[in-house]
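One-based numbering, in listed order, for ligands and for the atoms of each.
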Amino acid sequence: MAMLLDGRALAKTLRAQIQAEAEQWSQASGQIPTIALLRAGSDQALLSHARSVRRTFERAGFGFQEVELPAGSDTEALVEEVRRLNADPGVHGVLIQEPLPAGVDQSTVVEALDPIKDVDGVHPLNAGRLLQQRGRYHVSSTPLGGIAILEHYDIPIQGALAVVVGRSDIVGKPMALLLLHRHATVVVCHSRTRDLAEITRQADILCVAVGRARLITGDMVKPGATVIDFGINFVDGKLVGDVDFDTVAEKAGAITPVPGGTGPVTAAMLLRNTLQAARWQWGHHLP
Ligand code: NDP
């Protein structure tokens with residue numbers, strides 16, 4: 001049976017560290033690190049994500065704001081709101097919640113965001129700097145959380161064959177880059193990959209961010225592999241990952257459960273990114 005990679009316990013430790021650093025920063029700067037969530041419309045999934053971010057931020061003593069535009073808002077209205085948040089010194093990080101309304105040009109909205117406030121790492125400047133490892137940049141909190149789990153549990157990354165299933169800008173691609181920068185040999189799979197199982201079966205580290213319940217089954221995993229499941233799916237009202245936990249846990253050496261794996265660590269990393277954004281905006285007077 002695989003070792004359980006307990007994201008809740010790790011997140012608790014990380015939150016305590018981040019909170020202590022934030023308190024120190026707040027004393028020095030007289031400010032509270034604050035995030036704003038921007039959305040158009042009140043889709044249930046967006047509201048539930050916002051509630052969970054609010055809970056994490058308020059518990060940690062961070063600032064939290066929600067900005068909701070009407071469901072039918074156009075690109076111009078969203079860009080105007082993004083510019084207002086860029087100029088607001090009381091807001092350090094901005095999350096643009098997706099999906100945006102049909103017809104909105106997502107790239108225009110994202111590119112309007114000040115990269116220093118882009119705590120999701122989706123602005124092309126942050127994404128490009130991650131690619132090239134140049135200067136300072138924000139990285140999406142979900143892949144950062146995946147790496148934090150691997151490092152906390154001393155899973156060797158250097159030289160390992162890491163397979164990432166999923167190539168989104170927010171999870172799959174940055175996860176692949178973070179692994180590559182840590183000297184893994186990285187293979188990225190997606191919906192057009194031929195014979196997915198043949199590839200996943202070779203992975204020492206298998207990271208899955210697809211959004212399909214139980215896509216990865218025990219027969220697709222190498223004995224002893226480490227499996228990081230980013231999936232969030234609701235099946236019959238129950239939260240399940242992209243990995244079929246029961247069959248994979250029998251084969252793998254280590255696995256993140258869902259819930260209680262990558263989710264809580266992602267939330268902790270969003271706090272860290274917001275504190276980082278606040279520090280960068282405050283200038284060079286780091287406490
Ligand atoms: P996207 O829908 O943006 O991307 C899904 C990726 O999976 C795409 O690259 C797609 O390929 C690929 N894919 C789809 N079907 C298959 C298949 N049958 N075989 C192989 N690859 C496939 O999703 P996200 O990256 O935003 O999210 C992925 C999952 O992670 C979701 O469940 C989401 O809820 C969750 N998530 C979890 C977070 C956390 O904190 N744990 C945070 C953010 C997301 P193609 O590019 O070819 O279309």
Side-chain angles (χ1 to χ4, degrees), residues 5-8 10-11 14-15 35 37 39 43-53 55-57 95-100 106-107 110 119-122 127 138-150 163-179 186-203 206-217 219-221 227-235 238-245 248 255-274:
L5 304 173
D6 182 352
R8 281 203 187 105
L10 173 57
L14 290 169
R15 281 197 309 268
I35 196 169
L37 264 58
R39 66 172 171 268
D43 175 89
Q44 275 314 311
L46 296 188
L47 289 178
S48 134
H49 181 237
R51 261 197 308 275
S52 116
V53 175
R55 217 173 20 243
T56 305
F57 274 64
L95 272 193
I96 300 168
Q97 286 193 289
E98 292 190 13
L100 296 172
Q106 190 254 7
S107 302
V110 167
V119 284
D120 242 353
V122 287
H138 291 296
V139 182
S140 160
S141 47
T142 302
L144 278 182
I147 294 291
I149 291 172
L150 292 171
V163 173
V164 179
V165 189
R167 56 173 167 181
S168 69
D169 289 344
I170 191 115
V171 193
K173 278 186 209 155
M175 187 67 198
L177 287 169
L178 292 173
L179 288 162
V186 182
V187 177
V188 182
C189 301
H190 44 78
S191 66
R192 322 271 170 100
T193 295
R194 247 185 289 131
D195 204 350
L196 181 64
E198 181 62 31
I199 298 168
T200 56
R201 263 199 294 272
Q202 297 176 49
L206 177 59
C207 303
V208 192
V210 172
R212 301 236 167 144
R214 303 184 181 117
L215 173 77
I216 304 295
T217 46
D219 57 316
M220 299 169 77
V221 174
V227 180
I228 305 289
D229 186 355
F230 292 114
I232 300 175
N233 309 286
F234 286 91
V235 177
K238 200 175 150 225
L239 176 60
V240 297
D242 289 346
V243 172
D244 180 38
F245 186 85
V248 173
I255 184 170
T256 56
V258 177
T262 54
V265 187
T266 294
M269 288 298 162
L270 189 56
L271 287 173
R272 177 176 282 174
N273 279 356
T274 305

Checklist entry - Which ligand 1 atoms does I170 reach within 4.0 Å, using its non-hydrogen atoms? => result 26 (O)
Item to check | Nearest non-hydrogen protein atom, atom 35 (C) of ligand 1 | outcome: F230 O, 3.2 Å
Checklist entry - How far is atom 31 (C) of ligand 1 from its nearest protein heavy atom, and which residue and atom is that? => result G211 CA, 3.6 Å
Item to check | Min side-chain heavy-atom separation D229-V248 under 4.5 Å | outcome: no
Item to check | Taking atom 25 (O) of ligand 1 as the reference point, the nearest protein heavy atom with its distance | outcome: S168 OG, 2.5 Å
Item to check | atom 16 (C) of ligand 1: nearest protein contact (heavy atom, Å) | outcome: V210 CG1, 3.7 Å
Next on the checklist: Tell me whether V171 has any N or O atom under 3.5 angstrom from an N or O of ligand 1.
Outcome noted: no
Next on the checklist: Under 4.0 Å, counting heavy atoms only: does A209 come that close to any atom of ligand 1?
Outcome noted: yes
Next on the checklist: As an exercise, identify every atom of ligand 1 less than 4.0 angstrom from a heavy atom of G231.
Outcome noted: 32 (O)
Checklist entry - Strictly under 4.0 Å, does any heavy atom of C189 approach an atom of ligand 1? => result no
Item to check | Close side-chain approach of T262 and T142, heavy atoms under 4.5 Å | outcome: no
Checklist outcome for this item: Counting heavy atoms under 4.0 Å, the part of V165 that contacts ligand 1 is side chain
Checklist entry - Less than 4.5 Å apart, any side-chain heavy atom of F234 and any of L239? => result yes
Checklist entry - atom 42 (C) of ligand 1: which protein heavy atom is closest, and how many Å away? => result T142 OG1, 3.0 Å
Checklist entry - Which of the numbered atoms in ligand 1 are below 4.0 angstrom from a heavy atom of G166? => result 6 (C), 7 (O), 9 (O)
Next on the checklist: Taking 4.0 angstrom as the limit and counting only heavy atoms of R212, give me the atoms of ligand 1 inside it, by number and element.
Outcome noted: 15 (N), 18 (N)
Checklist entry - If you measure every N/O of R167 against every N/O of ligand 1, is any gap under 3.5 Å? => result yes
Checklist outcome for this item: Minimal heavy-atom distance between I96 and V110, with the atoms involved, is CD1-CA, 4.2 Å
Checklist entry - Between OG1 of T274 and NE2 of H138, what distance do you get to the nearest 0.5 Å? => result 8.0 Å
Item to check | Region of I232 that comes within reach of ligand 1 [heavy atoms, distance under 4.0 Å] | outcome: both
Checklist entry - Does the side chain of L144 reach to within under 4.5 Å of the side chain of V265, using non-hydrogen atoms? => result no
Checklist entry - Side chain, backbone, both or neither: which part of T266 comes within less than 4.0 Å of ligand 1 when only heavy atoms are counted? => result side chain
Checklist entry - For atom 48 (O) of ligand 1, which protein heavy atom lies nearest, and how many Å away is it? => result S191 OG, 3.6 Å
